[in-house]
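Notes follow the structure.
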Amino acid sequence: MSPSTDGPRTIEDVDWDALTAAATDAMRRAYAPYSRYPVGAAALTEDGRTVTGMNIENASYGVTLCAECSLISALIASGGGRLRAFVCVDGTGAVLMPCGRCRQLLYEHRGTGMTLLTVSGLRTMDQVLPDAFGPENLA
Ligand code: THU
């Protein structure tokens, strides 16, 4: 059986509360001594894994890694694959919109119909980054 059949089949299968809790747990491990604005992110992969990330800042501010950067690193380190569902939260645990740069990061690794829990409710990747530049442009 293909691994991609093991994960959630429809977006209704996603336990958004559990995914948000995973993002909140990751947020608590953020390294954000400069902004004091911890962020946590969590995603489900198409094969049913949960990957998480948190922001990791640096004294050289521009070197900061957003939570989504950590999450994508975790995705690749744990075997890659495509993202199915995503949420990120701020230091209070409230849902946060991914920054523009990180929408591009997420777009690169999106699965078909990838959905994000946002401040406007559930949105597809195409809704939060319409007419995106992506790998298909380089094909
Ligand atoms: N941050 C993220 O981790 N992800 C986002 O999508 C928005 C911003 C972090 C970067 C920085 O460590 C802190 O939030 C304040 O900008």
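Whatever order the structure lists ligands and atoms in, that order sets their numbers, starting from 1. Here the structure is a predicted model, which is why all the values come from computation and not from measurement.
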*For atom 4 (N) of ligand 1, what is the nearest protein heavy atom, given as residue, atom name and distance?*
Glu68 OE1, 2.9 Å
_Polar side-chain atom of Asp90 near backbone of Ala94 as donor-acceptor pair, under 3.5 Å_ = yes
*After noting the C-alpha distance and the side-chain angles of Asp47 and Thr45, does the key distance pass the side chain to side chain donor-acceptor pair (under 3.5 Å) rule?*
CA-CA 5 Å; Asp47 62 358; Thr45 63; 2.5 Å; yes
*asked:* I want to know if ligand 1 touches Ala67 in the polar sense, i.e. an N/O pair below 3.5 angstrom.
replied: yes
*Contact summary for Tyr107 and Leu129, nearest pair of heavy atoms*: CB-CD2, 3.9 Å
*atom 14 (O) of ligand 1 touched by protein heavy atom at under 4.0 Å*: yes
*Starting from atom 11 (C) of ligand 1, locate the nearest protein heavy atom and write down its residue, its atom name and how far away it is, to 0.1 Å.*
Glu57 OE2, 3.3 Å
*Sub-4.0 Å heavy-atom approach of Pro98 to ligand 1*: yes
*Any side-chain heavy atom of Val14 sitting closer than 4.5 Å to one from Leu44?*
yes
_Val89 and its side chain to side chain contact (heavy atoms under 4.5 Å, CB included) partner, picked from Thr20, Leu117, Asp25, Val39_ = Thr20
*Validation row: Asn55, Tyr31 side chains within 4.5 angstrom (heavy atoms)*: no
*Among protein heavy atoms, which lies nearest atom 9 (C) of ligand 1, and at what distance?*
Asn55 ND2, 3.5 Å
*Of the choices Cys99, Pro33, Cys66, which has the non-hydrogen atom that lies closest to atom 1 (N) of ligand 1?*
Cys66
*asked:* Quick test: of every protein heavy atom, which one is nearest to atom 16 (O) of ligand 1, and how far off is it to 0.1 Å?
replied: Tyr37 CD2, 4.9 Å
*asked:* Quick check: Thr64 and ligand 1, any N/O pair under 3.5 Å apart?
replied: no
*Consider only side-chain N and O atoms of Ser60 and Asn58, and report whether a donor and an acceptor are under 3.5 Å apart.*
no
